[in-house]
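Letters A, B, ... are given to chains in the order of the sequence lines, protein chains preceding strands, and every chain is numbered from 1.
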Number of protein chains: 2
Amino acid sequence: MANPRLLKRQLSEPTISRLPIYERIAEGWERRGRSSIDSTQLGELAGVTPTTVRRDLAALGSFGQRGSGYDVAILKTRIAEALGYDQEYDVIVVGAGNLGRALVNSNNFLTRGAKLVAVYDQDPKVIGTEVAGQVVQDFQGPIAPVTVAVLCVPAAAVQSVADRLVTQGIHAFLNFAPQVISLPPGYAVHYVDFSIELQILMYHVANGTGPLGGGVLHSLGIATNSARRSVQRTLEKS
Amino acid sequence: MANPRLLKRQLSEPTISRLPIYERIAEGWERRGRSSIDSTQLGELAGVTPTTVRRDLAALGSFGQRGSGYDVAILKTRIAEALGYDQEYDVIVVGAGNLGRALVNSNNFLTRGAKLVAVYDQDPKVIGTEVAGQVVQDFQGPIAPVTVAVLCVPAAAVQSVADRLVTQGIHAFLNFAPQVISLPPGYAVHYVDFSIELQILMYHVANGTGPLGGGVLHSLGIATNSARRSVQRTLEKS
DNA sequence: GGATGTGAAGTAGTTCACAGCC
DNA sequence: GGCTGTGAACTACTTCACATCC
């Protein structure tokens, strides 16, 4: 906890959401044997301006090399430190339906410090079945004391599920149900809502923002576009 | 297309991302027989301040009743109009793996005007199987001319899949692969990246932002980017 | 030369506070 | 009285432009 690895620098929300993207790019760059990357290249690949990249990275301390850019290995390390990838976070998934199973089976979801500890469901037909090496547990039974619970239950059930998990001492939730939940103060919840993402995209399509005007694209807070293609091609060739 | 249903009012990105939440709340409120809701109630349920609610709704025109709040039915209608729920958007899903199947089977995903037209995959073992009443088509074959493609393919494949869909005339993408894709100018892409969402949540847990400080809640992708403007500039210059 | 890091300026979004209307 | 709608103030983030350093 008392790791003086990083100034207690409070990162801004947009910065936090971009760091994982930079990290992923650095990962790919490293795999291809490139040892450094500059803010322009990183910006094109991430879909942001070079200035934004430099501001984001400057918030992690000054480790860029003037004249040549950022060392890829150091870049990865700094982001990992800032985001806490070195720590392990125990995670449970609640709801072993289609989505829950898809998440657990994905090899992209539980990475960078997140460790799956158990999967729960209410349905007797599902309890006891195996998902990605985990035997599905009865949600009414004891709950593992973890950091984060991933909620993949139906919207109608999610509030009561969250309530029970709160009594079990869980303080952070990633909620995939299309339903806002209420929690005691001091608890954290983050929402992922597919249908809203789709609706937002459709809005942009309907209004010229998409196919008409200058290319828009949005992500979890990241816009992309443009000459990035050239850089990407360069990467793919090597 | 030329529906004069709404002033050409350009909604802000954060507003757009909150409107679907309000709409969902209105839906539930209506189901329970309540006929009006005020900005404080709506704000509590949505996790935002009453002022923000009022600003968001004022952008759709003034339809609130001073003294009593917003009529639930009108609220639903106005949001539906603004977001284009009345129009139908044809959608295809590319990639019938765990995630693709989970999305297609979900009854929350394809709603509010989104209509599933076809599901594609490359894998001969998957082609021809049935998913939610759709027979999975060969991705190498002809592609239905739709508005939006939902990409549920592996990260390594997603760029080439998008490239092919561009040649088939598709202009908007919802990308679930953890990989930024590049598209010609004027195309739209929106990203959903589970692992990044989880990482952001873990960051908040690690730093006091979550369990310590005042109750945090983050909604989905508050896509805060004016980077669009810079992208346009870049385009204009080139 | 070439890229970082950063004050200063600009812009978008939120919150305050209150006039106006039901 | 109660709640909306909105100018004004404020806050947060991005972009510009350039001094700085390898």
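If you check D:dT14, C:dG13, C:dT15 against the side chain of B:Glu13, the one that comes closest is C:dG13. With D:dG5, C:dG13, C:dT6 as the choices, the nucleotide that has an atom nearest any side-chain atom of B:Pro14 turns out to be C:dG13. Of the listed nucleotides (C:dG13, D:dT6, C:dC22), C:dC22 has the atom at the smallest distance from the side chain of B:Arg66.
Under the 6.0 Å cut-off for aromatic ring centres, B:Phe176 and B:Tyr191 do not qualify, their centroids lying 6.0 Å or more apart.
In this structure, the CG atom of B:Asp56 is 11 Å from the P atom of C:dT15, given to the nearest Å. Rounded to whole Å, atom P of D:dC3 lies 12 Å from atom CD of B:Glu44. For the pair A:Leu57 CG and C:dA3 P, the interatomic distance rounds to 15 Å; values are reported in whole Å. Atom P of nucleotide D:dT4 and atom CG of B:Leu60 are separated by 14 Å, given to the nearest angstrom. The CZ-C1' distance, from A:Arg78 to C:dG5, rounds to 14 Å in whole Å. Spacing between atom CG of A:Asp71 and atom C1' of C:dA3 amounts to 15 Å, rounded to whole angstrom units. Between the CD1 atom of B:Ile74 and the C1' atom of D:dC3 there is a distance of 16 Å, given to the nearest Å. Rounded to an integer number of Å, the gap from B:Leu19 CG to C:dG13 P is 13 Å.
Inter-residue side-chain proximity for A:Leu60 and A:Leu11 is flagged as met; some heavy-atom pair is nearer than 4.5 Å. In this structure, the side chains of A:Val48 and A:Asp56 stay at 4.5 Å or more apart for every pair of heavy atoms.
Remark on DNA chain D: of its neighbouring residues B:Thr51 and A:Ser12, the 5'-side contact belongs to B:Thr51, judged by nearest-heavy-atom nucleotide. If you find the closest nucleotide of DNA chain C to B:Arg54 and to A:Arg55, the one lying nearer the 5' end belongs to A:Arg55.
For A:Tyr70, no side-chain nitrogen or oxygen approaches OP1 or OP2 of D:dC22 to under 4.0 Å. For D:dT15, the OP1/OP2 oxygens have a side-chain nitrogen or oxygen of A:Thr49 closer than 4.0 Å. Residue B:Ser39 has no polar side-chain atom (N or O) positioned under 4.0 Å from OP1 or OP2 of D:dC3. Side-chain N/O atoms of B:Thr52 include one lying less than 4.0 angstrom from OP1 or OP2 on C:dT15. Contact between the side-chain N/O atoms of B:Ser68 and the OP1/OP2 oxygens of D:dT4 is not found at any separation under 4.0 Å.
When heavy atoms are screened at a 4.0 angstrom cut-off, A:Gly64 is found touching the sugar-phosphate backbone but no base atom.
In this structure, the side-chain contact (heavy atoms from CB on, under 4.5 Å) partners of B:Ser106, at least two apart in sequence or on a different chain, are B:Asn108, B:Phe109.
The list of side chain to side chain donor-acceptor pair (under 3.5 Å) pairs with a residue in residues 25-35 of chain B, not counting sequence neighbours, reads B:Glu27-B:Lys76, B:Glu30-B:Lys76.
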